[in-house]
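What follows is a set of notes on a single structure, which appears directly below.
Just so you know, ligand 1 is whichever comes first in the structure, and atom 1 is the first atom listed for that ligand.
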Amino acid sequence: MDITILALESSCDDTSAAVLKNTVMLSNVIASQAVHIKYGGVIPELASRAHQQNIIPVVDAALKEAGITVDNIDAIAFTRGPGLLGSLLVGVSFAKGLAISHDIPLVEVNHLQGHILSHFIDLPDRQLPHPSFPFLCLLVSGGHSQIVLVKSPLEMEIVGTTIDDAAGEAFDKCAKVMGLPYPGGPVIDRLAKEGDPKAFRFAKPHVEGYDYSFSGLKTSFLYTLRDRVAEEPGFIENHRADLCASLQSTIIDILLAKLTKAAKEYKINDIAIAGGVSANSGLREAVTETGRRRGWRTFIPELKFTTDNAAMIGISGYYRYLDGDLSSLEVSPVARLEELNR
Ligand code: KG4
Ligand code: ZN
């Protein structure tokens, strides 16, 4: 029997709705919020308001594009967390309203597991490559940097995680001090192409096991700017591409060192990357190249599945629905991963 899922994602500053028929994505509509650009970061209160304005038109468009109506939906999947509480609340409340009014079951999804399972979305005209279980996923988003051992669509174990900032935060905060627009990751990616990755050296962390740390790198970047600007007032403008290239290559080195260690020690050859930072062209190349040398099968997501989207919530919801893991109408959003319990 075919299962049709309507999925909603509203954890940060993108309002998204998608329709999946089993694992096949029929639509994936994303409204990005431009209101935050002038503040250089996401303003939570403005994000919730924009979600409220966007959610109905986005869901309508997703249903239309998929060629279905609300009556065809078997389950509504939604992001329960982690994310901004006010933003999550809009998606959760909308999901509940629709569930009550049309008597449709609800399925809650962990946003981070959604990023990982985006590797299992198929397109109407082609199958995308799927990793085999168990595989390791480097999950790098704006708020999280983790190495996850994925045993099945429902069973994941966090092997390593950041003890302070996430990789995405390192990109965004360093971009901000260089006067670059938000989000900084894609801008640094573009500028880095023109620069020399060996021009500057920044601190690399020494953390035990598989955990990450990026706050030392951020501080070292900041101190370099401070010291060099004192000697040369136009330093940032004059060396922007080199700064971006050196910062990006340091972040990639840090990410890959632990990923490589985990792959070796867990003896796993299927290696995936996911999350917003997996859009980074340098990281994509470095993972592919390392994989070639080490005999990995590497899984690099299509760009549209790297940053926040509802299709990834839909695929996670699909597997939970198959498992009979439905949510009650009492479900409430949670901001932090630790409160999510799944
Ligand atoms: O997964 P995501 O869309 O949202 C969260 O769940 O946080 O990730 C957003 C993060 C931001 O930090 C953004 O700067 C980063 O992904 N990002 C990139 C690139 N595209 C997005 N970082 C580096 N290079 C990129 N091309
Ligand atoms: Zn995300």
Side-chain angles (χ1 to χ4, degrees), residues 7-16 18 28 30-33 36-37 40-42 44 47 51 78-84 87-88 91 109-119 137-146 148 161-162 165-178 180-193 195 197 212 214 217-218 244-245 247-252 254-256 272-287 300-316 335-337 340:
L8 306 171
E9 156 61 33
S10 71
S11 66
C12 190
D13 59 341
D14 294 304
T15 319
S16 180
N28 185 31
I30 305 170
S32 296
Q33 302 178 359
H36 309 290
I37 293 172
V42 177
H51 282 304
F78 63 93
T79 306
R80 184 173 177 212
L84 300 171
S87 292
L88 290 163
V109 171
N110 170 336
H111 178 86
L112 302 179
Q113 295 190 358
H115 273 301
I116 294 171
L117 293 178
S118 61
H119 283 283
C137 185
L138 172 68
L139 168 65
V140 270
S141 69
H144 296 85
S145 301
Q146 301 176 339
V148 182
T161 189
T162 181
D165 285 4
E169 268 171 295
F171 273 109
D172 295 340
K173 288 178 179 169
C174 292
K176 194 166 179 173
V177 297
M178 285 190 283
L180 301 174
Y182 181 87
V187 185
I188 290 183
D189 190 353
R190 184 164 44 77
L191 292 170
K193 294 194 169 82
Y212 287 119
F214 288 99
L217 167 61
K218 192 183 63 188
C244 289
L247 174 71
Q248 177 170 301
S249 96
T250 312
I251 294 176
I252 294 170
I254 296 171
L255 289 173
L256 270 169
I273 57 172
V277 179
S278 72
N280 185 267
S281 58
L283 178 64
R284 295 164 80 89
E285 274 166 36
V287 171
I300 313 289
E302 298 212 344
L303 279 177
K304 62 173 172 289
F305 296 134
T306 56
T307 45
D308 291 347
N309 66 86
M312 69 187 201
I313 304 305
I315 189 80
S316 307
R336 286 159 45 82
L337 177 62
L340 206 52

For Pro183, the ligand 1 atoms whose distance to one of its heavy atoms is below 4.0 Å
14 (O)
Is the shortest side-chain heavy-atom distance between Ser10 and Thr79 below 4.5 Å?
no
Should the proximity of His115 to ligand 1, defined as any heavy atom under 4.0 Å, be assigned to the side chain, the backbone, both, or neither?
side chain
Could you tell me whether Gly276 and ligand 1 have an N or O pair separated by under 3.5 Å?
yes
Side chains of Leu138 and Tyr212: does their closest heavy-atom pair fall under 4.5 Å?
yes
Closest non-hydrogen atom pair between Cys12 and Ser87, with its separation:
O-OG, 3.3 Å
Near Gly168, which atoms of ligand 1 are under 4.0 Å from a heavy atom of that residue?
12 (O)
Do me a favour and list the nearest non-hydrogen protein atom to atom 3 (O) of ligand 1 with residue, atom name and distance?
Asp308 N, 3.1 Å
Does ligand 1 have an atom under 4.0 Å from some heavy atom of Pro186?
yes
What atoms of ligand 1 come closer than 4.0 angstrom to any heavy atom of Gly143?
7 (O)
What's the shortest distance from atom 11 (C) of ligand 1 to any protein heavy atom, and which residue and atom give it?
Asp172 OD2, 3.4 Å
What distance separates Ile251 CD1 from Ile188 CD1, expressed to the nearest 0.5 Å?
6.5 Å
With a 4.5 Å limit on heavy-atom distance, are the side chains of Pro82 and Asn110 in contact?
yes
Looking only at protein heavy atoms, what sits closest to atom 6 (O) of ligand 1 is His111 NE2, 3.1 Å
If I consider every N, O or S atom in Asp308, which one ends up closest to the Zn ion (ligand 2)? I only need its name.
OD1
Measure the CZ-CD distance between Arg190 and Gln248 for me, rounded to the nearest 0.5 Å.
12.0 Å
Please identify which atoms of ligand 1 are closer than 4.0 Å to at least one heavy atom of Ala279.
20 (N), 26 (N)
With a 4.0 Å heavy-atom cut-off (strictly under), which part of Asp189 contacts ligand 1: side chain, backbone, both or neither?
side chain
Using 2.8 Å as the threshold, say whether any N, O or S atom from Cys12 sits that close to the Zn ion (ligand 2).
no
Tell me which protein heavy atom sits closest to atom 7 (O) of ligand 1, plus the residue, atom name and distance to 0.1 Å.
Gly142 N, 2.8 Å
Contact summary for Asp172 and Pro183, nearest pair of heavy atoms:
OD1-C, 3.9 Å
Taking the side chain as every heavy atom from C-beta outward, state whether Val177 and Lys218 have any pair of such atoms under 4.5 Å apart.
no
Between Gly185 and ligand 1, does any nitrogen or oxygen pair lie at a separation below 3.5 Å?
yes
Polar contact flag for Thr307 and ligand 1 (N/O pairs, less than 3.5 Å):
no
Quick one: which of Asn309, Asp308, Thr307 gives a side-chain hydrogen bond (donor to acceptor under 3.5 Å, both in side chains) with His115?
Asp308
With heavy atoms only and a cut-off of under 4.0 Å, state how Asn280 meets ligand 1: side chain, backbone, both or neither.
both
Within the structure provided, determine whether Phe305 and Ile315 are in side-chain contact (heavy-atom separation under 4.5 Å).
no
Value rounded to 0.5 Å, distance of CD1 in Ile252 from OG in Ser281:
7.5 Å
